[in-house]
Amino acid sequence: MTRPYTPTQLYIDGRWVDATGGALFPVHDPATEEVLAQVSDAAADDGTRALDAAVRAQGDWGRTTVRERADILRRAYEMTLARIDEFATLMTLEMGKPFAESRAEVVYGAEFLRWFSELAPQVAGRYLPAPVGSNRILTVKRPVGPALLITPWNFPLAMATRKIGPAVAAGCTMVLKPAELTPLTALLFTQVMGEAGLPAGVLNVIPTTRPGEVTGPMIKDRRLRKLSFTGSTPVGKLLIAQSADTVLRVSMELGGNAPFLVFADADLDAAVAGAVVAKMRNGGESCVAANRFIVHRSVADEFAARLAAALGAIEMGPGLRDGVGLGALIDDRAVAKVTRLVDAAVADGATVLTGGTAPERPGFFYPPTVLGQVPAGSGILREEIFGPVAPIVTFDTDAEAIALANDTDFGLVAYVFTRDINRALSLGERIEAGMIGVNTGLVSNPAAPFGGIKQSGLGREGSVEGIEEYLETVYMGIHLTDPDAE
Ligand code: SIN
């Protein structure tokens, strides 16, 4: 399959340029292991060049009207959707997910642009009397300033637009470092942003295979004012530590270990349908993927059998082939990790209800897998699987279910299936997660605040909270005298 055209150079100050020294790196198709493109490999100097451009552009860009910025986002939204098949083909080729899922991501990703184009004009300060005395309180919002955006490979478009949308709306300039495994979608989107009218220097893009070398000096540079990262918790911790030096504002969307709770009173058809979405969206390569199925003992066997039937019926293969519902995982390390976790769970006593063995290469495939009777201490319940594997454990009481759900350092999302509204709402107050899906396997929505608690992150993306991550609140205290008093 020939890939759609996409730029392959760095984008700095409104121009496509080679990396310093001309280095290139290959991008692979995980379904075939073939090289799709050679992309410019940014060095530390390119990071500095990109930040210089963002800093130069910040003053004028921050003073543009909200309407100008909203119009650019709206045009980018329409232009992205107009090229949906091109984006989706590219995404499937470099990331592996089935074409239909890539199309769904283009819609999801574009929606952040529309959402923030509509939210931008609503950003406002406040004016109010101090509770005591004659002072008045005036607050205004300002763009936080040049931002470094680091995005992952699993949603190559949506994770970029979820950051670029609010940054543009707020008036921030940016340097984007897309994941080295999937830079092509981000580069195509960069071209669209230029065509939508984004001025030179506002968005600079630097793919690199040396992330630490390139972003380290940028994070230490006091001209950088914001870091937004989506990725693993260990890397997030490292970036938070680096950010301490300049007290950099950080937003962190990190790992998860989502519990999926099925109670005895749940509608089992809905629970299985929700489980398929929560587990199989993006092939399980998502931080909101259900990682642990915690099922009431009285329905566990039936739920497991039905889930195994549903997952076992999914066709696995190259994402561009018709009928495929599960594409390749991102690379050989992903397959090795899933294999290790499944094999260890089986050694611990779990039973394989479907799947369980990776096919021969070429291609980084692992089949949909359901594991029953997973012992409580098994490692697969502690680590983020990031693959199409559903381990099932059982519980007897609500208290036990909550204890199992909260027994993790992560707190991104939880899913709850019950017909009892009282139980659902009270679980909503007791489960330690930033997002809770009630009788649904999908919480991701541009209008909803996406983010976690505990070691799953800091801050929120999307919704009205998302733009606040790119704004400073400045307060003016105004002493008012009474004109009649003179
Ligand atoms: C992620 O996996 O990082 C994001 C998933 C989503 O936005 O649904």
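All ligand and atom numbering here is 1-based and tracks the order in the structure.
The ligand atoms of ligand 1 that sit less than 4.0 angstrom from a heavy atom of F450 are 4 (C), 5 (C), 6 (C), 7 (O), 8 (O). For ligand 1, the atoms sitting less than 4.0 Å from at least one non-hydrogen atom of S286 are 2 (O), 5 (C), numbered in the order shown with element in parentheses. Annotation for ligand 1: atoms under 4.0 Å from non-hydrogen atoms of Y108 are 6 (C), 7 (O), 8 (O). Interface of S444 with ligand 1, defined as ligand atoms under 4.0 Å from a residue heavy atom, comprises 6 (C), 7 (O), 8 (O). Those atoms of ligand 1 with a heavy atom of M159 less than 4.0 angstrom away are 3 (O), 4 (C), 7 (O). The distance from ligand 1 to the heavy atoms of R162 drops below 4.0 Å at these ligand atoms: 4 (C), 7 (O). Interface atoms of ligand 1 facing R281, defined by a heavy-atom separation under 4.0 Å, are 6 (C), 8 (O).
Shown here for A390 and F293, the closest heavy-atom pair between the two residues is CB-CE1, 3.4 Å. The heavy-atom pair separating V205 from P178 by the smallest distance is CG1-CD, 3.9 Å. Taking every heavy atom of both residues into account, K337 and E383 meet most closely at CE-OE1, 3.4 Å.
Donor-acceptor pairing under 3.5 Å is lacking for the side chains of R382 and N257. Under the 3.5 Å distance criterion, with hydrogens and angles disregarded, a donor-acceptor pair is assigned to the side chains of T230 and K163. In summary, the side chains of T233 and Q455 do not present any donor paired with an acceptor at a separation below 3.5 Å, with no hydrogens or angles considered.
Ligand 1 does not have E285 within reach: every non-hydrogen atom of the residue lies 4.0 Å or more from it.
Salt-bridge annotation for E33 and R361: present, with a side-chain N of the basic residue lying under 4.0 Å from a carboxylate O of the acidic one.
By the 3.5 Å distance cut-off applied to N or O atoms, N154 is counted among the residues near ligand 1. Considering backbone and side-chain N/O of C287, one or more are found under 3.5 Å from N/O of ligand 1.
The residue N282 has no part lying near ligand 1, judged by heavy-atom distances below 4.0 Å.
Between W115 and Y108, a ring centre-to-centre spacing not shorter than 6.0 Å is recorded.
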